[in-house]
Structure formats: structure tokens, C-alpha cells
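Counting begins at 1 with the first residue of the sequence.
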Amino acid sequence: MYAAVDLGSNSFRLHIGEPIAGQIHIVRTARDPIRLAAGLGPDNALSEAAVETALRTLRDFSGILRQFRLDAVRVVATNTMRVATNAQAVLPRLEEAIGHPIEIISGEEEGRLIYMGVARALGRRTGRRLVIDIGGGSTEVIAADGDDIRIVESFSTGTHPQSATYFRGGHISADAFETAVNAARAQFEDLAGQYRQHGWDAVYGSSGTMRAISEVISRNRIGDGTMSLASLLALRDKLVELGHVDAFDLPGVKRERVIVMTGGLSILIGVMQELGVAAMTAINAGLRLGVLSDLELRANRHDRRDLAIQDCMRRFGVDAQRAARTAAIAKTLFDKLAPQDEAVVHHLLRSAMLHEVGQAVSHTGAHKHAAYIVEHADLPGFTAREQRLMSLIVLGQKGNLRKVREVLGVPDLAKAVLALRLAAVFMHARVDGDVDAVRLRMKGRIDIETPRGWLRQHPTVAAWFEKEADAWNDVGVPFSVTT
């Protein structure tokens with residue numbers, strides 16, 4: 001059984017699901033419409049009141065999670081936490097409240113997970129699809145062919161900024177709506193051609209706002225009763241006629257959500273007009289189901305992160321054989337150091353596969369270029385925190401160690417840096433088969449013991465060991481080699 005917690009800009013939501021016969025059956029849900037985005041101040045910092053509200057909700061969610069025997073829990077935060085200037089200061093408090101790490105995912109990763117959820121709900125593995133998800137702080141648009149995502153983009157427009165900017169105080173006018181729609185269209189116009197060129201056989205709307213709009217249109221027989229552009233324009237006209245969100249009293253949406261729906265409607269009309277979408281279908285699937293599906297894939301050893309590493313290697317022309325040799329040596333050395341955190345093993349291996357990616361930029365300072373690429377490249381499945389960690393391991397593969405002091409203070413990460421540095425040396429010296437004979441310890445100091453005659457067989461390694469001793473001594477870690 002798996003749990004997905006979505007810290008959205010409008011609502012915090014929780015899904016607990018169990019995979020049965022190819023489907024994920026949801027056994028428990030929870031939702032709290034805390035409107036986190038409304039807590040952003042002029043400086044984009046979350047207010048203390050907003051943080052306290054979030055903490056109360058997360059403590060409640062933690063209580064629910066403890067009621068189940070869960071194989072994995074994943075907590076993801078979206079646009080508001082992406083843009084909050086005090087996110088890193090707030091994050092430890094939120095993690096303590098929920099009792100699990102929180103991943104602030106990129107907009108592109110959010111889009112990929114949304115599509116995974118939609119594709120899982122549809123079941124069919126073929127057909128060109130366009131998926132639109134309008135959230136509280138951003139809008140994700142995904143074009144895919146079956147399971148293969150072709151285009152995924154996150155646009156910085158969502159229901160909260162749209163409502164706060166164009167429908168202040170809940171007032172709705174024809175001019176305000178037209179301005180809001182045009183502002184939304186401007187967000188999508190640069191990439192509209194790519195989506196049109198890809199085409200689609202079906203269009204789906206996956207967010208709660210989409211489902212609310214669909215429910216209102218269907219239950220009140222607005223327009224043709226479906227999610228066609230004509231029906232959306234008819235709903236717009238109805239809102240303009242009423243003039244204020246408080247006057248909207250039609251079934252299908254709670255009164256407090258009318259303002260959210262209004263902002264979302266202006267975005268939806270804008271994106272449909274700009275992309276040329278005539279009609280769509282609202283679907284009860286998205287980010288949380290995508291997270292649950294991703295957890296199931298990881299449990300079955302189908303981790304998207306490994307595919308992302310392979311794609312990155314191809315993109316930058318990495319020599320796969322050299323990378324694999326380095327990773328194998330690094331794993332052997334790391335095991336000798338008796339690490340405690342299994343997750344660091346995966347970080348090390350993926351870092352090793354990408355350690356030469358910077359050579360696509362320049363051989364001079366290649367490790368620095370590689371670190372930049374690893375941290376900033378679009379790597380599906382990875383969080384910003386994971387990419388930052390791998391970037392530091394890659395940066396520490398050679399040269400001055402003072403630049404990676406922040407990871408050297410964590411024992412297993414320091415061991416990962418040491419393992420990659422030595423692996424790179426051994427790979428260049430082609431001593432793959434002789435690594436098992438080397439003894440390696442790191443407990444306050446680094447001790448390397450080689451068999452008698454080993455350094456004579458690999459004379460270049462001795463020179464590298466001298467450089468390593470200087471580098472580690474420079475950060476206060478004694479380094480010695482004996483035979």
C-alpha cells in the first residue's frame with residue numbers, strides 16, 4: 001500500500017492506494033482547502049499564519065498515515081513552495097509535522113506525474129492525448145502519445161493569481177474577463193505551435209478546478225452540457241451577468257470555490273483558444289494517482305530516474321562504457337566503507353554515470369560543467385534536492401574539496417565523494433580488476449592499504465594518491481597509503 005500527499009497551492013490532499021489487478025484502488029482520501037498561495041506576501045514569502053495552517057493540516061494527515069501499514073510514502077509540493085522565498089526555512093517544520101521528507105518538484109516533473117495519473121486512469125496505452133491541469137499557482141500542459149510524453153511545460157498562471165489580479169473582491173465584469181483570458185493566452189502563445197503540431201485524439205482536464213467547471217456545466221445544462229469551448233463561454237457569460245461570485249448559487253460548486261473556478265475558467269478559455277481545442281473531458285485523475293503509480297514502478301524496479309540518467313548520457317554524448325566502469329568501481333569502493341544510508345548508494349551510482357557529462361562543454365573544468373548540468377538539467381523523476389546532492393558529488397570528483405564541504409560533514413556522503421574520486425582515478429589507470437585487493441577505511445581519517453607491489457604495477461596511481469592526500473589534508477581529513 002502506498003500514500004501520496006500533494007501540497008498544492010489551493011489544497012493539501014492525501015491518497016492512500018493499493019495496487020490490485022493492474023489498477024490502484026484508493027482506500028482513503030483526505031483534503032483540506034487551505035489556499036496556501038494566498039499566504040504569499042509581496043516578497044513571495046509565506047506568512048506565519050499560512051505556515052501554521054499548513055502545519056495543522058499536515059499533523060492531521062500524519063495521523064491518517066499512521067493508521068495504515070504503508071510500503072512507501074511520498075510527499076510532493078508544487079508551485080507555491082517552488083516560488084516561496086522562505087521555502088527552505090519552512091520546509092523542516094513541515095517535514096516534522098507530516099513525519100516524512102517533502103519533495104518540492106519542478107513544474108515539468110509535476111506535469112509528468114499528472115500525465116502518469118491520467119494515463120493510469122484511462123488504462124489504454126495508445127492514442128495521442130493532450131492533458132491540461134490548472135492548479136492554484138501554475139498550469140501544466142502535456143502532449144503525449146500513449147505512455148510517451150512528447151511535450152511537458154509548466155506555465156506560471158494559476159487560479160489564485162488569476163482571481164486575485166482580475167477578479168478582485170469577487171467582482172466580475174466583461175472587460176475584466178476579457179483581460180484575464182488575453183493574459184492567459186499570452187502565457188501559452190509561444191509554445192502553442194508545438195502542441196498544435198503534435199496534435200491529439202482526445203483532450204483531458206485533470207485538476208479539481210476542471211472537475212468543478214465540468215460539474216457546474218453538466219448539472220445546470222449550460223451551453224451543450226459538455227466541456228466544449230461554447231459551454232465555457234456560456235458559463236463565462238453567466239458569471240459576467242451575475243457580476244459577483246457571491247451571486248453565483250448554481251449547484252455543482254461550493255460557494256467558497258466560485259472565485260477559484262472563475263480564475264480557472266479564464267485560464268481554460270485562454271488555453272483552449274490559443275491551442276485550438278474545441279472540447280475536452282474532465283477526468284478524476286492527476287498528480288496523486290501519478291505519484292502512487294510512480295511509487296509502484298519504483299517498488300517493481302522500473303525507476304524513471306534511471307531512464308532519465310540514460311537519456312541525459314545520450315544527450316551529452318557520454319561514453320557509456322567508461323561511465324559504467326566508473327560506477328562499478330565506485331560501488332565496490334563504497335561498499336568497503338560500510339555506508340549506513342542505502343539511498344546514498346543510488347545517488348553515488350547515478351552521479352558516477354554522469355560524472356563526465358561536462359566534457360560536452362569543455363575538457364577544461366569538465367567536473368564543474370558536469371556539476372552544473374546535473375543540478376540544472378531536466379531529469380524526469382528527480383527532485384531539485386536529489387539533483388543538488390548528485391551535483392555536489394560530481395563536483396567533488398576531483399580538485400579542491402573545500403567547494404563541497406557541505407556534504408563532507410555527512411559521513412555517508414563524504415564516503416560517496418571519496419569513492420567517486422578514487423573510482424575516476426582507477427578507471428583512468430585501468431585497474432578495474434585489482435580494486436578488490438585494495439583495503440579502504442574512512443573513520444575520521446582515510447586509510448588505504450594496497451598489496452605489496454600493487455603500486456609498481458599501477459605507477460600513475462601513486463601520483464594521484466599524493467594529490468588526494470593534499471586535497472583531503474586541506475579539509476582536515478588525514479590521508480595515508482600503506483602497502
Hey, does the side chain of [X] reach the backbone of [Y] with a donor-acceptor pair shorter than 3.5 angstrom?
X	Y	answer
Glu386	Thr383	yes
Gln387	Glu375	yes
Asp412	Asp341	yes
Ser218	Glu215	no

*Yes or no on salt bridge (charged side-chain N to carboxylate O under 4.0 Å, His left out) for Asp201 and Arg129, after CA distance, side-chain angles and deciding distance?*
CA-CA 6 Å; Asp201 303 314; Arg129 301 166 183 149; over 6 Å; no

Can you check whether [X] reaches [Y] side chain to side chain, under 4.5 Å on heavy atoms?
X	Y	answer
Phe155	Glu140	no
His355	Ile393	no
Val5	Arg74	no
Ile105	Arg112	no
Phe248	Val216	yes
Asp249	Arg255	yes

Within this structure, what is the [atom1]-[atom2] distance for the pair [X] and [Y], rounded to the nearest 0.5 Å?
X	Y	atom1	atom2	result
Thr139	Ile267	OG1	CD1	4.5 Å
Leu297	Leu292	CG	CG	11.0 Å
Ser228	Ile217	OG	CD1	7.0 Å

_More than 12 heavy atoms of other groups within 6.0 Å of Glu48 CD_ =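 Yes.
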
For [X] and [Y], test the side chains for any donor-to-acceptor distance below 3.5 angstrom and give the result as yes or no.
X	Y	value
Asn79	Ser9	no
Thr85	Asn44	no
Ser207	Arg211	no

*Geometric class of the Phe167/Phe177 ring pair [parallel <30°, tilted 30-60°, perpendicular >60°]*: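 Ring orientation of Phe177 relative to Phe167: tilted.
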
*Pick one: which of Arg185, Gln187, Arg196 meets side-chain hydrogen bond (donor to acceptor under 3.5 Å, both in side chains) with Glu274?*
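It is Arg185; the other options fail the test.
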
